[in-house]
**Student:** 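My structure is below; once you've seen it, I'll send some questions.
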Number of protein chains: 2
Amino acid sequence: MAANSRLTIATHVLAWLALAQRRGQEVLTSDQVAASVNTNPVIIRRSLGDLRRAGLVEVRHGAGAGWSLARPPEEITLLEVYDAVGSEPPFGLHRTEPNLECPVGRGIRPALSEAYGRVERAMRRELTETSIADVLRETLVN
Amino acid sequence: MAANSRLTIATHVLAWLALAQRRGQEVLTSDQVAASVNTNPVIIRRSLGDLRRAGLVEVRHGAGAGWSLARPPEEITLLEVYDAVGSEPPFGLHRTEPNLECPVGRGIRPALSEAYGRVERAMRRELTETSIADVLRETLVN
DNA sequence: CTTTCTGTAACAGATTCTGTTACAGCTGTC
DNA sequence: GACAGCTGTAACAGAATCTGTTACAGAAAG
């Protein structure tokens with residue numbers, strides 16, 4: 001499967017908004033953001049819509065419209081972005097129900113759910129450790 | 001995207017082989033495994049092929065053919081299974097190259113690679129903590 | 001040599017993601 | 001209040017991937 005790039009796009013958008021803000025530019029339009037990400041403005045608006053619903057960005061309508069961060073970039077973690085974009089969990093259970101007459105088929109789904117839950121918690125814990133400000137700092141040294 | 005169920009299928013297969021072995025059944029055919037997972041035998045053979053290439057199972061040909069674990073189930077971790085089935089990493093970078101004339105576009109890929117690397121390492125560390133024997137034990141109490 | 005099952009190719013259907021066009025709706029400014 | 005600028009979202013196309021299925025050549029035990 002093609003890896004999911006939604007977290008990447010959303011993080012790119014937020015980092016760019018953070019930098020623009022630091023440079024004194026209050027808002028950016030989806031066209032301006034799209035120019036940095038090098039994709040279609042609608043893709044950016046979809047991503048920004050996710051981020052707005054999660055309370056991470058604000059939008060201004062009318063003339064001079066555009067987007068800005070709703071919170072300081074130091075306080076926005078990658079976990080919030082991850083949840084905002086609504087990615088699928090990394091592992092899925094069986095698509096078709098296993099044979100419930102087999103002892104393994106009967107009990108494996110709760111067993112795997114627990115194991116997968118531990119892995120996802122470890123992943124989420126690590127996503128908490130990086131903020132948009134961290135990403136921006138790392139970005140600008142490269 | 002539909003979550004990837006390859007790790008689930010492979011783990012199911014290994015747990016079933018482990019239980020059969022404990023019950024004195026030396027080998028299982030792909031048809032027998034498919035009956036427990038409730039899917040097509042070719043799906044199982046594809047999964048078993050991955051596991052064989054990783055050295056986790058052995059195959060016997062000819063009459064009375066079938067599959068068996070190559071190592072004790074206590075020593076097979078979910079990380080090995082995860083690597084064997086060759087899943088995509090959970091996060092992908094941009095599909096199209098970002099705008100390199102933008103400071104964010106220029107530096108964000110290495111920055112994100114590092115952050116994603118930390119997350120994947122946390123995930124892999126946690127996958128090491130569960131073995132096929134653990135999964136089978138949890139499965140049988142349910 | 002026969003039988004049994006593996007290994008893999010080829011293909012169909014479903015699903016998902018990105019990218020694109022199009023257009024209605026909101027809101028400052030004049 | 002009309003206009004202009006940008007958002008929000010629907011609709012659709014193309015590419016990619018995954019599961020499931022059929023088919024068949026190949027290996028090896030007896």
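A note on names: the letters A, B, ... follow the listed sequences, proteins ahead of strands, and every chain is numbered from 1.
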**Student:** State, yes or no, whether a side-chain contact exists between B/Arg6 and B/Ser47 at a heavy-atom distance under 4.5 Å.
**Tutor:**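 The answer is no, as the side chains (C-beta and beyond) never meet within the 4.5 Å cut-off.
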**Student:** Considering just the side-chain nitrogens and oxygens of A/Ser5, establish if one lies under 4.0 Å of OP1 or OP2 belonging to C/dC17.
**Tutor:** no
**Student:** Taking only residues two or more places apart in sequence, or in another chain, which ones meet B/Asp83 in a side-chain hydrogen bond (donor to acceptor under 3.5 Å, both in side chains)?
**Tutor:**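 B/Arg124.
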**Student:** Report yes if the side chains of B/Leu14 and B/Leu51 come closer than 4.5 Å at any heavy-atom pair, otherwise no.
**Tutor:** yes
**Student:** Rounding to a whole Å, what distance do you find between A/His94:NE2 and D/dT19:C1'?
**Tutor:**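 Between C1' of D/dT19 and NE2 of A/His94: 14 Å.
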**Student:** Measure from CZ on B/Arg6 to P on D/dT17 and round the result to the nearest Å.
**Tutor:**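 So the CZ-P distance, B/Arg6 to D/dT17, works out to 10 Å.
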**Student:** Could you check whether B/Asp134 and B/Ser131, counting side-chain N and O atoms only, form a donor-acceptor pair closer than 3.5 Å?
**Tutor:** yes
**Student:** Could you run down the sub-3.5 Å N/O contacts of the protein with nucleotides 24-30 of chain C?
**Tutor:**
from	atom 1	to	atom 2	distance (Å)
C/dT27	O4'	A/Gly62	N	3.4

**Student:** Calculate the interatomic distance between B/Asn38 atom CG and D/dG20 atom P; express it in whole Å.
**Tutor:**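 Result: 9 Å.
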**Student:** I need the residues from residues 11-33 of chain B with at least one non-hydrogen atom less than 4.0 Å from DNA chain D; give them sorted by number, or say none.
**Tutor:**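 By residue number: none to list.
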**Student:** Per the side-chain hydrogen bond (donor to acceptor under 3.5 Å, both in side chains) rule, what does the pair list look like for residues 97-115 of chain A, sequence neighbours excluded?
**Tutor:**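 Sorted result for residues 97-115 of chain A: A/Glu97-A/Arg109.
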**Student:** Mind checking the CD-CZ spacing from B/Glu126 to A/Arg125? Nearest 0.5 Å is all I need.
**Tutor:** 7.0 Å
**Student:** Using whole Å, report how far CG of A/Asn40 lies from C1' of C/dG19.
**Tutor:**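 Going from A/Asn40 (CG) to C/dG19 (C1'), I get 6 Å.
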**Student:** If you take any heavy atom closer than 4.0 Å to DNA chain D, which residues from residues 41-53 of chain B end up in contact?
**Tutor:**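 Close to the strand are B/Val42, B/Ile43, B/Arg46.
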**Student:** Nearest-Å distance, CG (A/Asn4) to C1' (C/dT15)?
**Tutor:** 14 Å
**Student:** Is it possible for you to say whether B/Leu79 and B/Val119 belong to one hydrophobic cluster, with membership spreading through side-chain heavy-atom contacts below 4.5 Å?
**Tutor:** yes
**Student:** Would you say that A/Ile44 contacts A/Val37 through its side chain, given a criterion of any heavy-atom pair below 4.5 Å between the two side chains?
**Tutor:**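 In short, these two side chains touch, coming nearer than 4.5 Å.
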**Student:** Quick check on DNA chain C: between B/Thr96 and B/Gly66, whose nearest nucleotide comes earlier from the 5' end?
**Tutor:**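 Mapping each residue to its closest nucleotide by heavy atoms, the 5'-most match is B/Gly66.
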**Student:** Starting at CD1 of A/Ile9, measure out to OG1 of A/Thr39 and round the result to the nearest 0.5 Å.
**Tutor:**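 A/Ile9 CD1 to A/Thr39 OG1: 6.5 Å, rounded to 0.5 Å.
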**Student:** Take atom CD in B/Glu129; do more than 12 heavy atoms of anything else shown fall under 6.0 Å from it?
**Tutor:**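 Yes, enclosed.
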**Student:** Taking only residues at least two apart or on different chains, which pairs with a member in residues 99-137 of chain B satisfy ring-ring contact (aromatic ring centres under 6.0 Å, His included)?
**Tutor:** B/Phe91-B/Tyr116
